[in-house]
Amino acid sequence: MQNTIPLSAEFYAQPVVEVAQALLGKKLIFGEQAGIITETEAYRGADDPASHAFRGKTKRTSIMFGPPGFSYVYLIYGMYYCLNIVTGVEGQASGVLLRGLLLPTVHLDGPGKLCKYLGITKEHNAYNLTQDTKFCVTAGSQLSLRYQSTPRIGIKKATDKLWRFVIDKEYLDFSLHA
DNA sequence: CGCGCGATTGTA
DNA sequence: ACAATCGCGCGT
């Protein structure tokens, strides 16, 4: 069915803030699991001190400088993995952190819990999400939805950027009770 | 080459 | 408020 086609490299090639907003309501597929993306954050290497890539390309962040549509999975606080999707054009680092996912039975809040529940680890770093129907994002419901923009969570730099995007609670409640 | 600290979370 | 826990990357 149409809905199983991975979002294209062209989609991810858009500016990171736009992609972060556009990913809300889309469906993340990982193995046999699938859920609706409810919360994202945008990170941009060029002018965003909160981004891992702000200080330039390193072994860890090199994936963020690569082509759009690839996974960037990193370990945080020695115990949690976080999943990002590389965006924008190759050579200019940016990516979207996935922070919330609505599954048929649970709503996962927080990037660490999201990866822990799905089983995403460093083994899933640097995957091309535009070529694999078992690890990708698809169009989802296509319903228009409301979301809020807020400062990003857990950072001390660039807190003026309202680059965290969350689907409205009312809309979430509707989905949960539908 | 050593060491401080982080895009987090659960528990006190 | 704070511990758990470890690899990255800055500074020496």
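Chain naming here is simple, since letters A, B, ... match the order of the sequence lines and numbering starts at 1 in each.
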For [Y], does its backbone N or O pair with a side-chain atom of [X] as donor and acceptor, under 3.5 Å?
X      : Y      : value
A:T61  : A:M64  : no
A:E41  : A:I153 : yes
A:R152 : A:A42  : yes
A:T40  : A:A20  : yes
A:S71  : A:Y127 : yes

Mind calculating the distance between [atom1] ([X]) and [atom2] ([N]) to the nearest angstrom?
X      : N      : atom1 : atom2 : result
A:R152 : B:dG6  : CZ    : P     : 15 Å
A:L75  : B:dC5  : CG    : P     : 18 Å
A:I76  : B:dG10 : CD1   : C1'   : 16 Å
A:Y81  : C:dG7  : OH    : C1'   : 10 Å
A:K57  : C:dG9  : NZ    : P     : 13 Å
A:F54  : C:dG9  : CZ    : P     : 15 Å
A:L97  : B:dT8  : CG    : P     : 7 Å
A:E39  : B:dA7  : CD    : P     : 16 Å

Taking the six-membered ring for Trp, are [X] and [Y] closer than 6.0 Å centroid to centroid?
X     : Y      : result
A:F30 : A:H124 : yes
A:Y43 : A:H52  : no
A:F70 : A:Y72  : no

Which of residues 62-71 of chain A sit near DNA chain B, with a heavy atom under 4.0 Å from it?
A:M64

Which nucleotide sits closest to the side chain of [X]: [options]?
X      : options              : result
A:R55  : B:dA7, B:dG6, C:dC10 : C:dC10
A:K156 : C:dT5, B:dG6, B:dA7  : B:dG6
A:R99  : B:dT8, C:dG9, B:dG6  : B:dT8
A:M79  : C:dA4, B:dT9, B:dA7  : C:dA4

So what does [X] hit on the nucleic acid, given a heavy-atom distance under 4.0 Å: a base, only sugar-phosphate, or nothing?
X      : result
A:K116 : nothing
A:T159 : nothing
A:G112 : sugar-phosphate
A:I155 : sugar-phosphate

Going by centres under 5.5 angstrom and planes under 30 degrees, do the aromatic ring of A:Y77 and the base ring of B:dT8 stack?
yes

Think A:R60 has a side-chain N or O under 4.0 angstrom from the OP1 or OP2 of C:dG9?
yes

May I ask you to evaluate whether A:K113 reaches the phosphate of B:dG10, defined as a side-chain N or O under 4.0 Å from OP1 or OP2?
yes

Minimal heavy-atom distance between A:L23 and A:L98, with the atoms involved, is CD1-CD2, 4.3 Å

Here the pair of heavy atoms bringing A:A158 nearest to A:D48 is CB-OD1, 3.6 Å

Of A:Y80 and A:K122, the one whose closest DNA chain C nucleotide lies more 5':
A:Y80

In this structure, OG of A:S62 is separated from NZ of A:K57 (nearest 0.5 Å) by 6.5 Å

For DNA chain B, what are the stems built from at least three Watson-Crick or G-U pairs in a row, each pair having both distances below 3.5 Å?
B:1-6 with C:6-11, B:8-11 with C:1-4

Atom P, compared across B:dC5 and C:dC2: separation rounded to whole Å:
15 Å

